[in-house]
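If you read the sequence from its start, that first residue is 1, and numbering goes on from there. Any value given below was found using the heavy atoms of this structure, including those in side chains, with hydrogens, waters and symmetry copies removed.
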Amino acid sequence: MSGRGDSEISETGEDRTETPEDLDDGRALEDVEDLEGVEGSEDVEDPAQVARRARWTAAGTGSLLALAGLAASMLRATGSAPALVPAAYAFGAAVCALGAFLGSRGRTRRALWLLIAGVMVMALGDQFD
């Protein structure tokens with residue numbers, strides 16, 4: 001078994017775990033449990049978790065936009081659209097892919113701006129159709 005040796009039942013059969021009265025500062029267990037209900041304690045998030053969520057969001061959104069741009073580029077290349085339209089979609093997809101890469105590396109602000117720029121390039125290329 002792992003853990004402290006004095007927290008388990010000893011060889012003599014007596015229970016040696018600490019009771020609420022044995023706490024160092026003299027507080028009872030009820031006082032410690034009351035601290036869990038403090039207002040606003042649920043709103044505090046781990047900054048590492050927030051950063052991880054931002055990285056996943058930037059990488060996922062960038063990948064999705066890059067795939068959509070490539071698919072639109074392929075569809076427009078097979079049609080009768082001018083050559084500038086599929087090129088704009090492909091370039092916008094490349095910018096979004098770069099944004100996804102930067103987002104996965106933690107550069108989420110730059111990734112957001114690259115995603116916006118990539119979508120704007122794709123929209124501008126669509127105007128030439």
Side-chain angles (χ1 to χ4, degrees):
M1 297 186 136
S2 63
R4 293 186 355 217
D6 61 348
S7 66
E8 298 175 6
I9 298 176
S10 67
E11 293 176 5
T12 61
E14 65 182 82
D15 187 11
R16 296 181 56 187
T17 59
E18 291 182 356
T19 61
E21 293 83 23
D22 294 339
L23 293 174
D24 291 336
D25 57 359
R27 292 184 296 167
L29 185 59
E30 295 84 23
D31 295 338
V32 175
E33 289 175 351
D34 288 342
L35 290 176
E36 294 175 0
V38 174
E39 288 185 32
S41 63
E42 298 93 20
D43 296 337
V44 178
E45 292 188 38
D46 183 25
Q49 181 67 23
V50 172
R52 188 175 303 119
R53 190 179 316 136
R55 284 194 305 267
W56 277 100
T57 302
T61 305
S63 299
L64 184 66
L65 287 172
L67 287 175
L70 285 177
S73 175
M74 298 291 271
L75 287 174
R76 295 298 180 123
T78 59
S80 63
L84 185 61
V85 175
Y89 275 111
F91 183 70
V95 171
C96 287
L98 178 63
F101 175 74
L102 288 178
S104 69
R105 298 292 180 200
R107 305 288 186 198
T108 53
R109 288 185 196 146
R110 290 185 182 109
L112 174 65
W113 286 110
L114 283 175
L115 295 178
I116 292 170
V119 170
M120 287 177 63
V121 166
M122 286 189 253
L124 181 65
D126 195 40
Q127 295 300 314
F128 292 114
D129 187 18

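Distance alone, capped at 3.5 Å, is enough to place a donor-acceptor pair between the S73 side chain and the P86 backbone. For T61 (side chain) and A58 (main-chain N/O), no donor-acceptor pair under 3.5 Å exists by modelled atom type.
Looking at every heavy atom in both residues, A59 comes nearest to S104 through CB-CB, 4.0 Å. In plain terms, the two heavy atoms of P82 and F128 that are nearest each other are CG-O, 3.8 Å. Between A100 and S63 the shortest heavy-atom distance is CB-N, 3.6 Å. Between R105 and R55, the closest heavy-atom pair is C-CD, 4.4 Å.
In terms of hydrophobic clustering, with Ile, Leu, Val, Met, Phe, Trp and Tyr side chains grouped at heavy-atom distances under 4.5 Å, L84 and L124 are assigned to a common cluster. L114 and F91 end up in the same hydrophobic cluster when Ile, Leu, Val, Met, Phe, Trp and Tyr side chains are linked at under 4.5 Å.
To the nearest 0.5 Å, atoms CG (L75) and CG (L70) are separated by 11.0 Å. Note that CE of M120 is 9.5 Å distant from CH2 of W113, once rounded to the nearest 0.5 Å.
At a threshold of 4.5 Å between non-hydrogen side-chain atoms, the residues V121 and V95 do not count as touching. Two residues are said to be in side-chain contact when any heavy atoms from C-beta on lie closer than 4.5 Å; M122 and D126 fail this criterion.
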